[in-house]
Structure formats: structure tokens, C-alpha cells
Number of protein chains: 2
Amino acid sequence: MPLSTRPAAPGSLSDRAYVLIRNKILRGEFALGAPLSRRNLAAELEMSFVPISEAMQRLEAEGLVESRPRVGTRVRVPTPQDLRDRYIIREALETQSARLFCEKASSAEREEMRRMAARLDEMSERWTGGEDDPDFVFSVQSFHLSLHMRIAECTGCGPLCELIEKNQVLAINWLYDMAAGYQLPPGFHQPLIELLAGNDPDAADAAMRKHVRSGMQEILAAISERYGAGGGGLQGPEVLGEAVGAALWRSRYRRSADIASRSRRR
Amino acid sequence: MPLSTRPAAPGSLSDRAYVLIRNKILRGEFALGAPLSRRNLAAELEMSFVPISEAMQRLEAEGLVESRPRVGTRVRVPTPQDLRDRYIIREALETQSARLFCEKASSAEREEMRRMAARLDEMSERWTGGEDDPDFVFSVQSFHLSLHMRIAECTGCGPLCELIEKNQVLAINWLYDMAAGYQLPPGFHQPLIELLAGNDPDAADAAMRKHVRSGMQEILAAISERYGAGGGGLQGPEVLGEAVGAALWRSRYRRSADIASRSRRR
DNA sequence: TGCAATAAATTGCTATTTCAGTATATTTCA
DNA sequence: TGAAATATACTGAAATAGCAATTTATTGCA
């Protein structure tokens, strides 16, 4: 059992830094557009500059942060165009996932998916759409994600799973921070799963495509409703992301000067 | 104009290291399974350990190299299963690409694709299938890749392009090193492009799916033909990759001991 | 008061050094 | 002769220190 000094340190420092920073971003602890100083992070996470930089590099490659060469790094503020691009990718990956599931899943796996879909639809019926308990909303969204991931796992294609998961991450982040009012339509998943569990891959593909597209429409509508700037639909507010981001680039020297000075004194 | 000391250095050292090493792998200068010592690479490329390590990290994330924590890094030897997984991803991305092209491409872009397809089919007719000039084979493969990339570019979805390009890289490498005998069937692309340039997205999707699957069958057949181990088709040789790789892990202390000693003397 | 030039501070980037883990080569003992 | 133990060399990971580029704050001048 690990002692108190260094409890449970699996993987390298870079890996731990990556996971820690990633979770803080996803949970909103680091807000959209917030500046991320590598030095301050190194002091906070009690490690050196190099593993932090490596973690940042990975996060940048995944699109969660953006960095300008000698200026700074910040949590990326996705534009509506980013969201649309993500959904194009998601549609590509998940229709393939649905197709392969339909072709190759075992009967036990098909039955498992039916149960998951029923449970998810039951959860979203209890979702009033008003100001629900954030933990409840979080649990529904998590279960929603794991349902889609389970479909992908049943295809037996590991890289496909990884791509789907990576691609979903930013979308979920956006969802939480900007369009928290979004709610899953009731009875959204059981018809989908019925087609995936059938024996027509083309029908499974088409059903998943419709499912993903409808989800994107819902979210874009929720965003438009909250942040105005033109009617709903696909032509959402283009300027939102950059407006927020530009304002946030400026506030650099604000947080934790004490940590910086403390680390310098060593 | 840059002086002779440091000529034309765009991007960071990490970026340059990434591009240089990546190209050497793709061109076969670093063979499949070859050990890549970060220290020797640093000496060869005349830079330090850190940017090399960052480049290696990116290459590992993309699947071009694999690294064991305190053992070493080598060029990844893809297994037939890797190849199949790549083609699953490729099918997902390129059917989406075809669908979007069919929906959104301008008439000028459709005409451009027709010209490219005609030229590519013409090139592959001149391909005898025997021992052709390697430069010619390279140029055909490059043009083939750029045709598919051009389709993706016309969709206007940047991330889709990036994913397709990243996904193709390893497949191309495999193609060159292990299945060089593969040749494009004549008249392979013009019928495809005709459907992409039509007005039925579903037909474009289906045509691209058929195209990609047929390409995978061809390559797997070419591999089976060269490396035996059972009949052709999908059940190719599972053991090939690891057999080659395991043998190559062992030969570590072989190359460029002079460089290592020279760098130590500084 | 307004604007340009300068100074200070912070950033990401790179080099160098040190550390810790693994594999190979050598030695030692039965 | 063979197997176990040791020694050596090499590996990637991490810490530290310093550099170069950029932005912000300050100052000087009109």
C-alpha cells in the first residue's frame, strides 16, 4: 500500500499531468479561455516544467488547449464551427461503429445494449429540463457517453474507440459550459438500438446518422436560445468564441502570484 | 536572408525534429522495427534531447513509433490487424468525405476531380506491375493520396482532412515496405468520381465504401502473396509483424557508436 | 493630456545534467 | 560445461538553469 509521501503514482509524471489538467478542464475548474501558465502548473502539481510541457503538447494536439509560441497557453474556446466539425467527425465514426456493431455484435451484446438504451431513456424521462441537480445531469450525460462507447467497443476495433472518445471530449466540455440547458429528447435511444441490433447494416448506419445529426441540431438550438445572435438552426453565432477568448487572453497576471514567487525562491 | 549558420528555420526545433524523423520513417530510411535512440538522433540532427523526445511523443501518439519506458523506441511494425483497423477508420472518414463532397462541392471542384481521376487512371495503366521505376511508383502513390485528400479538402472540414491524412500515413508506410508489389487496378477511380460528382450522397457514400474495401482486399492479397502463411483474403498472417519486430529489438548496439562517443566528448 | 520609447516581467523553448530502470556482457561458482 | 550473480552500458524520464521572444507597465517628452 502506498505511503503518504507519494500515493499511487501509476505511469509517468507526464501522464499524470495530462490526466490532471485534462480533468480540471473537463470539469470546468479551468474555465474556457483561462490562461494556463506552465510554470504555475508545475508549482501547483509539484513537478517540473518538462512533464507539464509534454502534457500541454498532448492537450493541444487533441484540441483542448491552444498555445501561441512565446505568448501563452489557454483553454481553447471552441467556435460553433468547431462544434459542427466535431459532429461531422462524430457522424463518420459512429455510423461506422453502428454498422460494424450490426454486423458483428453477439446476441448477448445486443441484449446488453437494449438494456442500456432502456435505462438511458428512463433517466432522460425524469429529466425535467429545468434547473435539475447538476450531479444528476452529469450522471445522465456520462451514461449517454458510455452507451455510445459500448457500441464502439463491441466492434472490436480499438482505434475506432479511441477516436470516438477523443472526439467527444471537447463536445462534452462545450456542452457543459455553454449549453447546459440542453436535454436529451425522451425515447431517443431505444429505436436507434433496435435498428443496430437488427440485421441490416445500412439501416443501422442511417439510424445512427439521423441520431447524431438530430443531436447536433438540438445542441445548436440550445446554444442559439441562450446566446441569441440570430435565429436557431445551423447558422449559429459565429463570433461568440473569439469574443470570449480575446477578452480572456488579456488577464494573465492575475492568479497565484504567490505560487510563482514561492517556486522562484527554491 | 538567413546566413550560413542557421539556414531557414521555420517552426520550433521540436517541429523540425518531428518532420525530419517522420519523413525518414516514411521514406524507409528508418526501416520498420529499427531502433531509434533519442541521443543519437539528437546528435545527428544537431539538437538537444528535449525536442527529440517531444517529436517522439508525437510520433508515438500517431502510431508511427512505439516506446517502452526505459528500454527504447523503435519504428512501429504494424500487424495485419493494425492494417485492418486503419482501413475501418479510413472507410469511416472517407465515406463521410465522399458524402459531403457530393453535397457541397462546387461545379469547378467536381470538374477538377474528374480531371485528377482521369490522370490517375492513365498513370496506373502505364503501371506494368513488374519491377517498375521506384520513383514512378512513388509518384503514382503520391498522386493517389492527393486525389483523396483533395476530395476531403472540398468538404471544408479541416479536422476531417487532418484525420484522413494522419490515418493514411502508416498505411502508406506499410504499403511501401511490405507490399511494394501492390498496384492500383486500372480504371479504378473514374467511376468513383462520377458518383461523387453526382447528386446522390448515399450513392457517393456507397461507392467510396466499395472503393476503400476493395483497396484493402488488394493490399491484403498482395501481402499474403508475398509472405505466404495461408491463403489470401482477410485471414492474413497474424504473426508477421511481431516476428520481424522481436528480432529487431535485439540489435541495439549496432549503429553509429562513433556519433555517441563524439557527442559525449563535448 | 496624449503618445512614443523604454524597462520590467512573464512566457514558451532549449540545453545540460542527473536519475532510475532495463538489457547485455562478463565473471564466478558448482 | 552450465547456470547464477555481478558489472557495465545504454535507455528514457525528470530537474534545473538559462535563452529568446513577446506583452505589459512605466517613463519621458511633446
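Proteins come first, then strands; the chains are lettered A, B, ... in the order of their sequence lines, and each starts at number 1.
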Choose from [options] the nucleotide whose nearest atom is closest to any side-chain atom of [X].
| X | options | result |
| --- | --- | --- |
| V50(A) | dG12(D), dG12(C), dT16(D) | dT16(D) |
| V71(A) | dT14(C), dG12(D), dT23(D) | dT23(D) |
| M47(B) | dT16(D), dA13(D), dA15(C) | dA15(C) |

Just the rounded figure in Å: distance from [atom2] of [N] to [atom1] of [X].
| X | N | atom1 | atom2 | result |
| --- | --- | --- | --- | --- |
| M56(A) | dG12(C) | CE | P | 7 Å |
| L45(A) | dA15(D) | CG | C1' | 15 Å |
| L59(B) | dG12(D) | CG | C1' | 15 Å |
| L13(A) | dA13(D) | CG | C1' | 8 Å |
| R39(B) | dA13(D) | CZ | P | 10 Å |
| R74(A) | dG12(C) | CZ | P | 13 Å |
| D15(A) | dA13(D) | CG | P | 9 Å |
| L41(A) | dG12(C) | CG | C1' | 13 Å |

| Is a side-chain donor or acceptor of S53(B) paired with a backbone partner of V50(B) at a separation under 3.5 angstrom? | no

| message | Using only atom types and a distance under 3.5 Å, with no angle test, would you say the side chain of R90(A) pairs donor to acceptor with the backbone of Q168(A)? | response | no

Are OP1 or OP2 of [N] and a side-chain N or O of [X] less than 4.0 angstrom apart?
| X | N | value |
| --- | --- | --- |
| S12(A) | dA13(D) | no |
| S67(B) | dG12(D) | no |
| S48(A) | dA14(D) | no |
| R38(B) | dA13(D) | yes |
| S14(A) | dA14(D) | yes |
| S53(A) | dG12(C) | no |

| Is the shortest heavy-atom distance from the side chain of L83(B) to the side chain of P78(B) under 4.5 Å? | no

| task | Report yes if the side chains of V65(A) and F30(A) come closer than 4.5 Å at any heavy-atom pair, otherwise no. | result | no

| request: Determine which nucleotide pairs with dA25(C), using a 3.5 Å limit on both distances of a Watson-Crick or G-U wobble pair. | output: dT6(D)

| task | Please check if atom CD in E165(A) has more than 12 non-hydrogen atoms from other residues, nucleotides or ligands closer than 6.0 Å. | result | no

